[in-house]
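Just so it is clear, the model here is predicted, and its values are computed rather than measured. To find a chain, count down the sequence lines: A is the first, B the second, and so on, and within it residues start at 1.
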Amino acid sequence: MERTEAYDPQEIELRWQERWRFPSALDQRGDGRCFYLLEMFPYPSGRIHMGHVRNYTIGDVLARYLRARGHRVLHPMGWDAFGLPAETAAIQRGVQPATWTYQNIAAMRQQLARMGFSYDWKREIATCHPDYYRWEQLFFLQMLERGIAYRKKAVVNWCEQCGTVLANEQVVDDQCWRGHRPVTKKELDGWFLRITAYADELLEGLETLTGWPEKVRTMQRNWIGRSTGAEIDFAVAELEEHLTIFTTRADTLFGATFASIAAEHPLAQAMGAAGGRSAEVAEFVARITRQEATERAQGKEGVFTGCHVVNPVNGEKLPVYVANFVLMEYGTGAVMAVPAHDQRDFEFARRYGIPVRVVVQPPGGALAAEKMEAAYEDDGVLTGSAEFNGMTSADAREAITARLQEHGKGRARVNYRLRDWGISRQRYWGAPIPVVHCAACGVVPVPPSDLPVMLPTDVELLEGGRSPLPSLQRWLSVPCPSCGAAARRETDTMDTFVESSWYFLRYTTPRLETAPFDRAELERWLPVDQYIGGVEHAVLHLLYSRFFTRVLRDLGYLNLDEPFRNLLTQGMVIKDGAKMSKSKGNVVDPDELVRQYGADTARLFSMFAAPPEKDLDWSERGVEGSYRFLTRVWRLALSFEGRGFSWTDPGPGDVDSAAAALRSTVHETIRRVSRDIGERMHFNTAVAAIMELVNAIYERRASVSTDEPVAQFATATVLRLLSPFAPHVTSELWERLGAVPALDEVPWPDHDESALVRDTVELALQVNGKVRSRMTVAANASEADIIAQALADEKVCADIAGRTVRKTVVVPGRLVSVVVG
RNA sequence: GCCGGAGUGGUGAAAUGGCAGACACGCCGGACUCAAAAUCCGGUGGAGGAAACUCCGUGUCGGUUCGAGUCCGACCUCCGGCACCA
C-alpha cells in the first residue's frame, strides 16, 4: 500500500472542536420529534474521570445519532455545584468556595469540550448560582405553605467529619455516603420534606416505569418498604394510658404472651415507675441507648417494666418489657410479642421464661409449644383463638382487624420504611433556607419578593469546617418580615440533593427570569426521554427527583408524574479488579488518555469494551486496539483520496457478485448499527458490526481498484456509521475525500431492504437435532424442493439409512431438521 | 432471611428458541524487511486423528421442544439492594 500521512488525533481533534458549533435544541430546524437526552450532571471536583467519559460518551453517541436521524435533541450539561468538597478545599487552600467551584467548572467544561461532546452550552446551569437556587427557595416557601416542608426536632444522622446532618438515604452501612466515616445519632431541630406523604404514589409509579432497569425499581421498592397490617390499642393495666402497637400478624393476636417497647418509647419510664421498677428500667434504657445498632444486634435483651397491658380480644394481662430489638423509628415503637410465631419473640421468651402459645398450625401439622425449637412464622390455620379457630391466617387477619375496629381497639394500617427527607445541613456552601427566626413571631418565611436569599460569597472559613453563617452578623441580622423586630436568618442550608431534584426541569428555560419554568417548554421536552447515569443514585437522586416532580405537579407547575421515561444505568469503570479511585491508586486520567491516543480512541474504547450497563474492565491493550482500528479506517479512507470520491449507493447495477455481496454487507451493517444504537443501546455490537464492514472492504480491496463505486460507498458508510463514536476522525476523512455536505449535516443512512436479499442461502441440515451437513439452495426454493434436496444429501442419506423419516422442519434461511425414528 | 441481577474460550465479550464463541485483545504461523517496528494475510474452545473427520462443550441436575446459552422447575456460586421493619 502506498505511503499515507500518519493519523494524528491531536491536530485533527483540536481543529474540529474549534469548528463545531453544536446546535441549540431550539435552533434546530425541521419538524423532527423532540427528544430530551440527559446524562446525570457532574459535581465540579476539578477533573473528569473515566466514569464521566463513559457516561457522557454514551450520551453523545445517542445525541449525534438522533440528530442525524432528524430529531430535535435537547442535550444539556450543567454542574451540581453546591457541596462539601468546595468547603474542604477552600479551607485547605485559602480560597473562596465559590471561586474554587467556578474555576473547577471552567476546567471541566474544557475537558468535556476536548472529548468532543456535543452539548448545548447555551443552556448550561450551575446550581450554586443565585439565578438557579432562587427558584428552589421559592419552591421551599410553597412547600412550607402546604405543609410539605416542616420543622421538627428529631433524632438524626450526624457525621462528625462532615459536621452536618445526613438524610437516611445518605447513610450506607452506618457510614457517611461521601467519606465512609461513622455516623452517629443526634437530636436536633431541622427542616424536613414530607416524602412519606408520597410513599404510595412513588411505589405505584414504579409499575409504570417499564423503561427502567428492574434492579433500580426493586431498590426503590425495598427502600420505600411498604407493609400492611393493623394498629392495635392495648390498655395499660397500671396506668390511664394505651399502648398502641403495629403488627402485620393480627391473626396471631391470641398467641401474644407479652409486649415489648423500644428503650426510647415515651411510656418506658412511666411504666417503670408505675410498676415499681424505675431503677431497673432506667439502668437498662441508659445502657441500650448508648449501644450502636450493630452491638444491639448481638442478642435479644430486655427488662420487665412491672406493668401489664390488656389483650383487647381476650382480656389477658400481658407483661410489658423494654427490649433492645424494638426500634422506635418503625411503626409505633411497640410490638405485641407472639413467641410461637415470631423468631425474635421466641428467643426472648425462652431467655426470660415467658410462655409460648401456638395459635397457628401449619397445614397438616400439630405444633406443640414445649417441643418447638424455633418459631413457626408461616401462615396456617388458627387454633386457640376462640371463634376465629379454623380460619386461614389471611382470613383471620382481616376478621380480627375488623373485630378490633368495631370495638374501637384497632384499625387497618400501612407502614413504610421510608422516612421524611431531612434537608437541613449545618454547612456553608449550599442554598440558604429562606426563613427568619423571630423571638416574637417564631419561624417566619422570607417573602417571595425578597428572594433570592443570597449566600454571601466573601466569607471567612473556619478551621474544623464549621459553617461561618451563624457568626456572620451582617448577613445573619434581619428585621422580622412579619413584625419588623430584630430577627435572625436561618443558618442551615439545603441538602445538595435538593438542587439535583429539579435541574432537569430548569434546562428547558435556563435563563428565564420571571418564573422557574415556561409551561409550554416543559410540555415540549418532558419527560426526559433517555436518562443516563450511575446506579449509585438508585435511591438517592432518582427517588428525590421523582418526589420533587410530583410536588411541583401539585404546586401547579407541570402536569407530569414521572420525570424520566427511560433510564440507563451504566456500570462502573474497573481496573485491576476494583473501581477506579484515588485511594486505590488505580485511576486512569482521561487527559493522559486523550494526550496519548486522542478523544476518538477514548470514546471508541469505552463504547466497545463492554455493553453499557455492565462494568467496564479497563485494558490498556484494549485501548490500543481501538486506536489501531481508527488507524485502519484512516488508511483505508485515505487510499481513496483525490480520485473523485462518491459516497452514494451505486445501486444494484451491473457489478460482479463479489461487489454485490459487499453492497449487501453495507446495507446489512446499516441495519445492524442503527438497531444497536437506536433501539437496543448495544454500542459494543454496533462497533463490532462496523469493524466487520471494514474487514470486508479490506478483503475486497485486495483485488479491486479504489475506483470501484461499491468500495467507495462502503467506505463512506463506515465513516457515517462510525461518526457518533469517533466524530473527529470521521469528519476529517469525509472532508479530505471531498464529500459534501459536511458529515454532521448528512442524514443517517437508511438501509435498502432489497439489497439484503441474496440469490442463494446456505442451510444447515440437522438429523435428530444434530448438524450433519449443510447445503446451498436458491433463496426462493419451495419447502418441498428444500426437503427433497436435503433428503438427497449424501451425509443425511447415510445418517437416516434404514430408519423412517417421521418429521421434517424447514426454517427458512436457516436450516432443515430431519427427525428419524 | 427477603428481593433483584449474573454465571459462555486464556481475556473483554457475541448470539428475535435455529450452525455457540461474531468482533476485539492475547498467543502462534506466514508475507514484507539486511533486521526490527508498523502493516497485511492466515490459524486459535477442549479431546482424539496423519488427514477427511469424530466426540465433548454455555455453573449443576431434571423438564418442554424436531431443536435450549436462550423457555420451565429445583439447586450451587458470585455481585447488588433491604434487613431484629414487628
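Taking atom P on both nucleotides, B/U8 is separated from B/G69 by 15 Å, rounded to a whole Å. On the C1' atoms, B/A38 is 14 Å away from B/A31, given to the nearest whole Å. Here, B/U60 and B/A50 have their P atoms 31 Å apart, quoted to the whole Å. Nucleotides B/C75 and B/C85 have their C1' atoms positioned 30 Å apart, rounded to a whole Å. Spacing of C1' atoms, B/C23 relative to B/A14, comes out at 7 Å, to the nearest Å. Separating the P atom of B/G1 from that of B/A68 is a span of 34 Å, rounded to the nearest Å. Taking the P atoms as reference points, B/U58 lies 12 Å from B/A20, given to the whole Å. If you take atom P in B/A52 and the same atom in B/G43, they sit 14 Å apart, rounded to whole Å.
Counting all heavy atoms, side chain and backbone alike, A/Ala714 lies closest to A/Leu693 at O-CD2, 4.1 Å. Scanning both residues, A/Ala658 and A/Arg700, for their nearest heavy atoms gives CB-NH1, 3.1 Å. For the residue pair A/Ile786 and A/Leu763, the shortest heavy atom distance occurs at CG2-CD1, 3.7 Å.
Between A/Arg814 and B/G67, a side-chain N or O to OP1/OP2 separation shorter than 4.0 Å is absent. At least one side-chain nitrogen or oxygen of A/Ser227 sits closer than 4.0 Å to the OP1 or OP2 atom of B/A86. Of the side-chain N and O atoms in A/Arg672, none sit less than 4.0 angstrom from OP1 or OP2 of B/C23. A sub-4.0 Å separation between OP1 or OP2 of B/C66 and a side-chain N or O of A/Lys807 is present. Proximity of A/Lys770 to the phosphate of B/C56: a side-chain N or O atom is located under 4.0 Å from OP1 or OP2. Side-chain N/O atoms of A/Asn695 include one lying less than 4.0 angstrom from OP1 or OP2 on B/A24. Proximity of A/Arg621 to the phosphate of B/G26: a side-chain N or O atom is located under 4.0 Å from OP1 or OP2. Note on A/Arg772: a side-chain N or O is less than 4.0 Å away from OP1 or OP2 of B/C55. One finds no side-chain N or O of A/Arg675 lying less than 4.0 angstrom from the OP1 or OP2 phosphate oxygen of B/U16.
No engagement by A/Asn415 is indicated, since no non-hydrogen atom pair under 4.0 Å with the nucleic acid exists. As judged by a 4.0 angstrom heavy-atom cut-off over every strand, A/Val811 is placed among the base-contacting residues. Across all strands shown, A/Val335 has heavy atoms under 4.0 Å from base atoms, whether or not it also approaches the sugar-phosphate. When heavy atoms are screened at a 4.0 angstrom cut-off, A/Pro213 is found touching no nucleic acid atom at all. Contact annotation for A/Tyr416: no contact, since no heavy-atom pair falls under 4.0 Å across all strands. Nucleic acid contact class of A/Asp345 (heavy atoms, under 4.0 Å, all strands): none. Nucleic acid contact class of A/Arg417 (heavy atoms, under 4.0 Å, all strands): base. A/Arg413 comes within 4.0 angstrom of no nucleic acid atom, judged by non-hydrogen atoms across all strands. No contact: A/Glu329 has no heavy atom under 4.0 Å from any strand. Nucleic acid contact for A/Arg628: sugar-phosphate only, since backbone atoms but no base atoms lie under 4.0 Å from a heavy atom of the residue.
When rounded to the nearest whole Å, the span between OH of A/Tyr597 and P of B/C25 equals 13 Å. Distance A/Asp676 CG to B/A24 C1': 15 Å, rounded to the nearest Å. Atom OH of A/Tyr698 and atom P of B/A31 are 22 Å apart (whole Å). The interatomic distance linking A/Glu214 (CD) with B/C2 (P) rounds to 18 Å, in whole Å. Rounded to whole Å, atom P of B/A15 lies 14 Å from atom CD of A/Glu668. Distance, A/Lys795 NZ to B/C19 C1': 13 Å, rounded to whole Å. As a whole-Å value, the separation of A/Glu679 CD from B/U16 P is 13 Å. Separating the CG atom of A/Asp617 from the P atom of B/G10 is a distance of 17 Å, rounded to the nearest angstrom.
In this structure the side chain of A/Val820 never reaches within 4.5 angstrom of the side chain of A/Thr804, judged on heavy atoms. In this structure, the side chains of A/Met580 and A/Val588 come closer than 4.5 Å at one or more pairs of heavy atoms.
A/Gln766 contributes a side-chain N or O that forms a donor-acceptor pair with the base of B/G18 under 3.5 Å.
Around NZ of A/Lys185, the count of heavy atoms belonging to other residues, nucleotides or ligands within 6.0 Å exceeds 12. Heavy-atom neighbours of A/Lys409 NZ from other residues, nucleotides or ligands within 6.0 Å: at or below the threshold of 12.
Aromatic pair A/Phe605/A/Tyr627: ring centres not closer than 6.0 Å. For A/Phe258 and A/Tyr321, the gap between ring centers is short of 6.0 Å. In this structure, the ring of A/Phe348 has its center less than 6.0 angstrom from the ring center of A/Phe325.
One finds a salt bridge joining A/Arg226 and A/Asp200 here, because a Lys/Arg side-chain nitrogen approaches an Asp/Glu carboxylate oxygen to under 4.0 Å. Between A/Asp345 and A/Lys300 no salt bridge is recorded (no basic side-chain N to carboxylate O distance below 4.0 Å).
For the segment residues 219-226 of chain A, residues with any heavy atom less than 4.0 angstrom from an atom of RNA chain B are, sorted by number, A/Met219, A/Asn222, A/Trp223.
Nucleotide B/G9 carries a syn base; the chi torsion (O4'-C1'-N9-C4 or O4'-C1'-N1-C2) is within 90° of 0.
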- With pairs defined as Watson-Crick or G-U wobble and both distances under 3.5 angstrom, please note down RNA chain B as a dot-bracket string, | for pairing with another strand. (((((((..(((.....[....)))((((((.......))))))((((....))))..(((((..]....))))))))))))....
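Applying the side chain to side chain donor-acceptor pair (under 3.5 Å) test to pairs two or more places apart or on separate chains, those with a residue in residues 669-697 of chain A are A/Arg632-A/Asn695, A/Glu668-A/Arg671, A/Arg672-A/Glu692, A/Ser674-A/Trp748, A/Asp676-A/Arg680, A/Asp676-A/Thr685, A/Arg680-A/His682.
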